[in-house]
Amino acid sequence: SSSVTSRRRVLIAMAGSLQGVAPAASSASEETAHPERPVYAAQAELIFSLVGYAVGVGNVWRFPYLTYTYGGGAFLIPYGLSLLFMGVPLFVLELGLGQLTRRGTLGMWTKIGLPRWQGVGLAAIMTTFLVALYYITILAWTIYYLGRTIAAIPSGQLPWSDELQDCPAMNLYVHQTVANSPYLIDSAGFLNSSFVGNTWCPDAHGAATAPADYVVRTVQPNRCPAQMAKIFWEAQALKQSSGLDDFGGLNLEMLLCLTIAWVLIWLVVFNGVKSSGKVVYFTATFPYLCLAIFLVRALTLPNALTGLKFLFEPDYSHLSDPQVWIHGAIQIFFSLGIGYGSITSFGSFGKKSANFVRDASGVAITNCCTSLIAGCVTFPVLGFLAAELHKTDPCIAGDSLDSLKSIGLSGTGLAFVAFPIAISQMPGSFFFAILFFFMMLLLGIDSQFAYIEAVATVLMDAGIGDKLPRPLLSGIICFISYIIGFLFVTNAGVYFLELFDNYVSIYVMFAVGALECLGLMWTCNGETWRQFKILCEENTGIRLGWISKATWGYICPALCVFLVVVSVTPPFAKVDVMNARSSKAFPEGTGYFPEWSIAVGWILATVPFALMLVVAVWPNVLKSSRAGGSTIFDEMPK
């Protein structure tokens with residue numbers, strides 16, 4: 001009716017005046033700026049894309065590592081609560097915003113009449129771009145391992161096998177009363193099991209000094225699976241330098257793998273959702289077949305029960321540690337990919353009438369169930385690994401996982417050291433090695449192409465490159481990222497990856513989550529939320545009620561603000577995030593990080609937030625603010 005139309009015009013003017021910009025132009029101008037948006041050929045393509053994006057390599061190594069570090073099953077409590085109160089609601093929100101506005105994480109803000117808030121989307125996409133720069137290095141490492149494994153098939157020995165070269169000498173601390181016994185060392189060069197009670201083991205950090213009545217005996221073992229896997233990773237794969245300030249030149253083999261990785265990503269995203277929507281049918285589903293095979297194998301390994309007990313028997317004492325709760329929430333954001341703009345981008349290519357609440361909830365729960373399945377694979381493997389390594393190292397207990405910290409289980413160490421060690425000890429090791437690294441490659445591809453898709457979507461919505469053919473735009477993004485990525489395939493590449501990984505997402509994703517809620521729920525005197533509810537019901541039939549208002553209006557923003565605060569303020573946070581001031585050069589330590597790395601890290605963490613503030617003050621710096629276009633206030637079905 002005319003009265004309804006007049007009311008909408010008033011709301012448009014009100015939204016524009018409150019945000020400090022002119023009212024939107026006619027919808028015809030928007031059609032010129034934004035030609036007909038492509039959509040997935042089927043809703044299943046969107047679902048598989050979301051599953052592929054959310055389920056990544058972090059499910060295989062980051063979740064098990066955090067569970068291992070923070071009390072086993074006890075970690076599942078804050079993890080599950082974070083999923084319920086933040087993960088599912090924010091995933092639903094981001095998918096719904098993309099679907100109903102038909103815009104990415106930048107353009108959606110002009111669509112809901114809040115051009116000054118576009119900085120939130122810009123911060124999200126800048127963070128996504130920075131993550132994409134280093135994340136693909138993990139794909140390069142995976143391609144390297146996969147290639148070396150396949151090339152080694154004719155030899156019958158995995159490239160990190162301890163049968164390919166002599167083991168390094170090993171120091172044992174034994175009591176002086178047995179130090180000279182002729183039976184101390186057996187024929188294989190290992191400590192005789194009857195003398196295990198007479199040995200002393202340094203602590204996990206190697207900082208303790210042996211008691212005075214223990215002496216060092218140097219032995220030459222015939223088997224050393226743990227040491228050789230670490231040597232292969234550090235010396236052959238990474239060609240690791242002494243620290244961040246020691247570039248050491250390009251690692252040419254890894255540069256080749258990086259090139260292959262970027263070519264694969266371009267082949268997936270070159271034509272947007274028209275190409276990626278078909279690829280995900282395989283890349284999002286085949287890893288589950290791999291996980292199923294690994295699950296059966298893991299559960300039938302010797303000593304698998306030791307690992308499962310660690311996973312499911314909680315140590316409730318850890319729940320008094322605030323870090324357990326903080327990391328449970330952080331893992332939900334990392335795992336689901338909330339606050340990076342990719343979910344909104346995917347949603348903008350879906351059907352506007354789809355049930356985004358059902359789809360997003362299902363994907364979020366599927367992702368977390370996948371983490372649990374990955375845990376049921378990883379921990380039995382670690383139990384098997386402990387039993388195997390106990391045979392060669394008396395300081396590693398066979399009935400506990402605690403002593404495995406000495407081989408390096410943090411992050412990349414779990415995927416590229418611990419798993420290769422365990423696989424090398426299994427029958428059919430080549431099959432399981434190829435299966436594992438192929439699975440890792442597919443998991444990484446799905447997440448990586450989502451990052452690039454999100455960047456391309458924002459550029460098109462901002463009117464940058466929107467006139468370029470999509471294959472060319474995708475190619476430009478991939479090529480620029482590839483050139484910058486040379487940094488991560490130098491001999492110091494692993495240190496730069498750690499620098500980016502520790503600082504880039506330190507708080508921005510939480511700020512984005514909070515501001516998405518606040519922008520939708522509390523702007524224009526609540527009119528933005530009311531119109532969004534109407535738009536949602538008109539298009540999908542879903543009526544957003546008090547649960548949505550409670551979670552998006554109060555619970556999620558409050559929890560996200562809390563996470564921002566604890567991420568940047570003591571005593572929970574610290575300026576020297578990576579302990580650069582106490583770092584030691586490799587191989588004496590884990591690698592030297594100079595003082596300037598702290599400043600570089602915080603610059604990486606601050607740039608996205610600074611861009612957010614710039615757009616909030618000067619929204620017209622973005623072409624999308626100047627172009628005008630319709631908003632949800634005047635696009636309601638008549």
Side-chain angles (χ1 to χ4, degrees), residues 40 42-67 76 79-80 83 87-88 91 95 135 138-139 142-143 145-146 149 264-265 268 276-301 304 307-308 311-312 331-332 334-337 342-343 346 358-382 414-415 419 422-423 426 428 431-451 453:
Y40 285 104
Q43 189 68 6
E45 293 182 6
L46 171 62
I47 300 301
F48 283 132
S49 295
L50 288 169
V51 170
Y53 166 64
V55 178
V57 294
N59 295 76
V60 177
W61 80 37
R62 183 177 173 85
F63 172 79
Y65 167 67
L66 290 174
T67 306
L76 300 180
Y79 180 77
L83 171 67
V88 172
F91 204 103
L95 187 64
Y135 187 90
I138 300 169
L139 272 72
T142 303
I143 291 170
Y145 268 76
L146 188 59
T149 301
L264 289 174
I265 294 301
V268 173
S276 64
K278 304 298 183 291
V279 173
V280 292
Y281 280 111
F282 176 72
T283 58
T285 56
F286 189 77
Y288 283 96
L289 175 60
C290 298
L291 275 176
I293 295 172
F294 267 108
L295 181 62
V296 173
R297 185 68 189 100
L299 294 177
T300 56
L301 287 170
L308 285 176
L311 174 61
F312 290 112
Q331 176 57 18
I332 286 296
F334 276 133
S335 184
L336 294 178
S342 296
I343 300 170
F346 280 131
R358 177 199 61 204
D359 294 342
S361 301
V363 171
I365 293 171
T366 297
N367 170 74
C368 294
C369 290
T370 304
S371 292
L372 287 175
I373 294 172
C376 290
V377 170
T378 301
F379 282 92
V381 168
L382 293 180
L414 185 58
F419 258 94
I423 288 172
M426 296 179 187
F431 169 76
F432 287 107
I434 292 172
L435 188 69
F436 176 74
F437 290 115
F438 187 61
M439 177 186 72
M440 292 284 289
L441 179 62
L442 294 181
L443 291 173
I445 284 175
D446 279 340
S447 297
Q448 182 70 22
F449 92 70
Y451 297 143
E453 190 70 57

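Since we're looking at a predicted model, the values are computed, not measured.
Judged by distance alone, with hydrogens and angles left aside, the side-chain atoms of Tyr53 form a donor-acceptor pair with the main-chain N or O of Gly337 at under 3.5 Å. With hydrogens and angles disregarded, no donor-acceptor distance shorter than 3.5 Å links the side chain of Asn59 to the backbone of Ala374. In terms of modelled atom types and a separation under 3.5 Å, the side chain of Ser335 and the main chain of Ile332 share no donor-acceptor contact. In this structure a side-chain-to-backbone donor-acceptor pair under 3.5 Å is missing from Asp446 to Leu443.
The distance from atom CE of Met440 to atom OG1 of Thr142, rounded to the nearest 0.5 Å, is 5.0 Å. The line from CG of Leu83 to CG of Asn367 is 8.5 Å long, rounded to the nearest 0.5 Å. Atom OG1 of Thr378 sits about 10.5 Å away from atom CG of Leu295, to the nearest 0.5 Å. The CZ atom of Phe294 lies 6.5 Å from the CZ atom of Phe436; values are rounded to the nearest 0.5 Å. In this structure, the separation between CD on Gln331 and CG on Leu336 is 9.0 Å, given to the nearest 0.5 Å. From Leu291, atom CG reaches atom CG of Leu435 across 9.0 Å, with rounding to the nearest 0.5 Å.
Two residues are said to be in side-chain contact when any heavy atoms from C-beta on lie closer than 4.5 Å; Cys368 and Phe63 fail this criterion. Contact check for Thr67 versus Tyr79: no side-chain heavy atoms found under the 4.5 Å cut-off. Looking at heavy atoms from C-beta onward, Val381 lies out of side-chain contact with Ile423 at the 4.5 angstrom threshold. Using a 4.5 Å cut-off on side-chain heavy atoms (C-beta onward), Tyr135 and Val57 make contact. Residues Glu453 and Ser276 form a side-chain contact, since some pair of their non-hydrogen atoms from C-beta on lies under 4.5 Å apart. In this structure, the side chains of Val363 and Leu95 stay at 4.5 Å or more apart for every pair of heavy atoms. Here the side chains of Val55 and Pro287 are not in contact, with every heavy-atom distance at 4.5 Å or above. Between Val280 and Thr285 the shortest side-chain heavy-atom distance does not fall below 4.5 Å.
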Next item on the list: Please lay out, stage by stage, how Thr370 and Tyr288 fare under the test side-chain hydrogen bond (donor to acceptor under 3.5 Å, both in side chains).
Entry: CA-CA 8 Å; Thr370 304; Tyr288 283 96; 2.7 Å; yes
Check: Where do Cys376 and Phe312 land on the side-chain contact (heavy atoms from CB on, under 4.5 Å) test, with the steps shown first?
Finding: CA-CA 9 Å; Cys376 290; Phe312 290 112; 3.7 Å; yes
Next item on the list: Kindly indicate, with the supporting measurements, whether the criterion side-chain contact (heavy atoms from CB on, under 4.5 Å) is fulfilled by Leu301 and Met426.
Entry: CA-CA 9 Å; Leu301 287 170; Met426 296 179 187; 3.7 Å; yes
Next item on the list: Starting from the C-alpha separation in whole Å, work towards a yes-or-no answer on side-chain contact (heavy atoms from CB on, under 4.5 Å) for Ser361 and Phe91.
Entry: CA-CA 7 Å; Ser361 301; Phe91 204 103; over 6 Å; no
Checklist line | Val279 vs Ile445, side-chain contact (heavy atoms from CB on, under 4.5 Å): CA-CA, chis, key distance, verdict | finding: CA-CA 10 Å; Val279 173; Ile445 284 175; 5.6 Å; no
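A donor-acceptor contact closer than 3.5 angstrom links the side chains of Thr300 and Arg297.
Phe286 is linked by a side-chain contact (heavy atoms from CB on, under 4.5 Å) to Phe282, Leu289, Cys290, Phe438, Leu442, counting only residues two or more places apart in sequence or in another chain.
In this structure, Gly375 and Pro380 approach most closely via the heavy-atom pair O-CD, 3.9 Å. Considering every non-hydrogen atom in both Ala304 and Ala298, the closest pair reads CB-O, 3.4 Å. The heavy-atom pair separating Phe379 from Pro64 by the smallest distance is CZ-O, 3.5 Å.
Between Tyr145 and Phe437, the ring planes are tilted. Angles from 30° to 60° get that label. Note: Phe449 and Phe346 have perpendicular aromatic rings, judged against thresholds of 30 and 60 degrees for the angle between ring planes.
Screening residues 359-381 for salt bridge (charged side-chain N to carboxylate O under 4.0 Å, His left out) gives no qualifying pairs among residues at least two apart or on separate chains.
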